[in-house]
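Comments concern the structure below.
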Amino acid sequence: MIPFERAWPYDIIMKDVYVPSCPFCKKDNVLLPLRPKELGDIRTGKKKLLVFPCCHNRVTVIDADQDYLLTDTALRHA
């Protein structure tokens, strides 16, 4: 079972990857420095360091599905 506290939703809009809000600074509609092609690499086991451009916080993305990025860091507090 995927640990929900380490998952964050994302959307692909016109070949850009967005998150609805930053899990750290809460800024809305953040464009990520990530391409849809890289999501395929992540799904096959490649890890990706992701730096949020709004606040420069970092997480390592370890998996992805069609809706969520799974990171090594807790992004939600239960």
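Worth knowing before you read on, the calculation uses all heavy atoms, side chains too, and leaves out hydrogens, waters and symmetry mates. Owing to the predicted nature of the structure, the values given are computational and were not obtained by experimental measurement.
- Atom CZ of Arg43 and atom CG of Leu70 lie 12.5 Å apart (nearest 0.5 Å).
- Taking both residues in full, the closest heavy atoms of Asp65 and Asp67 are given as OD1-N, 2.8 Å, listed atom of the first, atom of the second, then distance.
- By the side-chain hydrogen bond (donor to acceptor under 3.5 Å, both in side chains) test, Asn57 is found to be paired with no residue, residues two or more places apart in sequence or in another chain being considered.
- Linking ILVMFWY residues whenever their side-chain heavy atoms come closer than 4.5 Å, directly or via other members, places Leu34 and Ile12 in the same cluster.
- Leu39 and Leu69 get closest at one heavy-atom pair: CD2-CD2, 3.7 Å.
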Can you give me every donor-acceptor pair (side chain of residues 16-32, partner residue at least two apart or in another chain, under 3.5 Å) with its distance?
| from | atom 1 | to | atom 2 | distance (Å) |
| --- | --- | --- | --- | --- |
| Asp16 | OD1 | Arg35 | NH1 | 2.8 |
| Lys26 | NZ | Pro23 | O | 3.0 |

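- Sorted by first and then second residue, the pairs that involve residues 44-56 and meet side chain to side chain donor-acceptor pair (under 3.5 Å), not counting sequence neighbours, are Glu38-Lys48.
- In this structure, Leu75 is a member of the same hydrophobic cluster as Leu50, with clusters built from ILVMFWY side-chain heavy atoms closer than 4.5 Å.
- One N or O on the side chain of Thr71 and one on the backbone of Arg6 form a donor-acceptor pair closer than 3.5 Å.
- Within the 3.5 Å criterion, the main-chain N or O of Ala7 finds a donor-acceptor partner in the side chain of Arg76.
- Relative to the six-membered ring of Phe52, Arg58 misses at least one condition, a distance below 6.0 Å or an angle of at most 45° to the axis.
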Decide yes or no on side chain to side chain contact (heavy atoms under 4.5 Å, CB included) for Thr73 and Thr60, but give the supporting numbers first. CA-CA 8 Å; Thr73 306; Thr60 300; over 6 Å; no
